[in-house]
Asks: 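Please find one structure pasted underneath; my questions will follow.
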Amino acid sequence: MKIATFNINGIKARIEALPRWLAAANPDVVALQEIKSVDEAFPRALFEDLGWHVETHGQKSFNGVAILSRLPLEDVTRGLPGDPEDEQARWIEATVIGPARAVRLCGLYLPNGNPVEFDADGRPMATGKYGYKLGWMARMQARAAALLASEEPVVMAGDYNIIPQDEDAARPEVWRQDALALPESRAAFRSILNLGYTEAFRARVQGPGHYSFWDYQAGAWERNNGIRIDHLLLSPQAADLMTGCSIDKSVRGEEKPSDHVPVWIDLQA
DNA sequence: ATGTCAGGGTATCCCTGA
């Protein structure tokens, strides 16, 4: 079972590039982020005609997540539990029925968190967008813990907006005060890992120079000024099934690309 | 850190978000 995550930065803008990549990469399941569309406006029929089951959790203008799957999906849920006031569409779950095993897949778009406000001592304050990010991550940790208790294969795939370590940025010094790399952000990410999750890419590939996002601005792609912020976290039962993990870097150089590229794993499931 | 995109409003540009 090949599972990918791909922040497409707008389904309307990627209406050609996404089907092109699906045909070339041939994943079984894809978690999409930033569809930037309400459910009714998502081009569902286009993908259904290509053989995909389509489940969306959209909103107007911003955010929005979806799952495309060639395998049957069951028990789809939308929204991250823990705050009924939260109206941002950033979380979707479904059980993917693989030929050998069922896998619980969470597709997520973790809040960016910028701009960060700092106090007089230069410490980041948990207010505004950064406060929302940290609060969202605490809720995600609770959900991640509940999912572990099922002792089933669980995959949490998406745009985490977290640069886990300095080696995951071409220019780490630029990100020191940024919500994607602040110590508090990294600590919240590690707290989720420390529940017992495995970060798929780092379980298989070591060293710097591996990125999943290059800004549209300032020639970031041409200069390979990237960051690695798209991740797949695996429960122990899922990690035991992993046979591969890679980043489809070349997608960034194709016509009308997203600023993110797909990251994928292969599971014996 | 800004040489860019994307979406939406009310539009032939301005704003937000990243």
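Fair warning: this is a prediction, and the values are worked out from it, not measured in the lab. Worth knowing before you read on, the calculation uses all heavy atoms, side chains too, and leaves out hydrogens, waters and symmetry mates. Protein chains get the first letters and strands the later ones, always in sequence-line order, with residue 1 at the start of each.
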Asks: Please confirm whether A:Phe201 and A:His231 have ring centers closer than 6.0 angstrom.
Replies: no
Asks: Looking at every heavy atom in both A:Phe47 and A:Val54, which two are closest together, and how far apart are they?
Replies: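 Closest pair (atom of A:Phe47, atom of A:Val54, distance): CB-CG2, 3.8 Å.
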Asks: If I pick the P atom on B:dT16 and the same atom on B:dT10, what distance separates them, to the nearest angstrom?
Replies: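 Here B:dT10 and B:dT16 have their P atoms 14 Å from each other.
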Asks: Test of understanding: with side-chain contact (heavy atoms from CB on, under 4.5 Å), list the residues that count as partners of A:Glu173, not counting sequence neighbours.
Replies: A:Arg171, A:Arg176
Asks: What closest approach, in Å, do A:Val30 and A:Phe6 show between heavy atoms, and which atom pair accounts for it?
Replies: CG1-CB, 4.3 Å
Asks: Both conditions, 6.0 Å and 45 degrees, for the charged tip of A:Arg228 above the ring of A:Tyr211: are they met here?
Replies: no
Asks: So where does chain A start and stop touching DNA chain B, 5' to 3', when the test is distance under 4.0 Å to a non-hydrogen atom?
Replies: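 Listed 5' to 3', the contact boundaries are B:dA1 to B:dA18.
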Asks: Under a 4.0 Å heavy-atom cut-off, which of residues 110-126 of chain A touch DNA chain B?
Replies: A:Asn112
Asks: Please name all residues satisfying salt bridge (Lys or Arg N to Asp or Glu O under 4.0 Å) with A:Glu55, sequence neighbours left out, ordered by chain then number.
Replies: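 By the salt bridge (Lys or Arg N to Asp or Glu O under 4.0 Å) rule, A:Glu55 matches A:Arg78.
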Asks: Answer yes or no on whether A:Arg70 is positioned over the face of A:Trp52, meaning its NZ or CZ is under 6.0 Å from the six-membered ring centre and within 45° of the axis.
Replies: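 Pair A:Arg70/A:Trp52 counts as cation-pi.
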Asks: Heavy atom of residues 210-224 of chain A under 4.0 Å from DNA chain B: which residues?
Replies: A:Tyr216, A:Gln217, A:Ala218, A:Arg223
Asks: Looking only at atom C1', what distance separates B:dA1 and B:dC14, rounded to whole Å?
Replies: 23 Å
Asks: What interatomic distance, in whole Å, is found between C1' of B:dC15 and the corresponding atom of B:dA11?
Replies: 13 Å
Asks: Are side-chain heavy atoms of A:Arg104 and A:Glu93 found at a separation under 4.5 Å?
Replies: yes
Asks: Tell me which residues in residues 6-23 of chain A lie within less than 4.0 Å of DNA chain B, going by non-hydrogen atoms.
Replies: A:Asn9, A:Gly10, A:Lys12, A:Ala13, A:Arg14
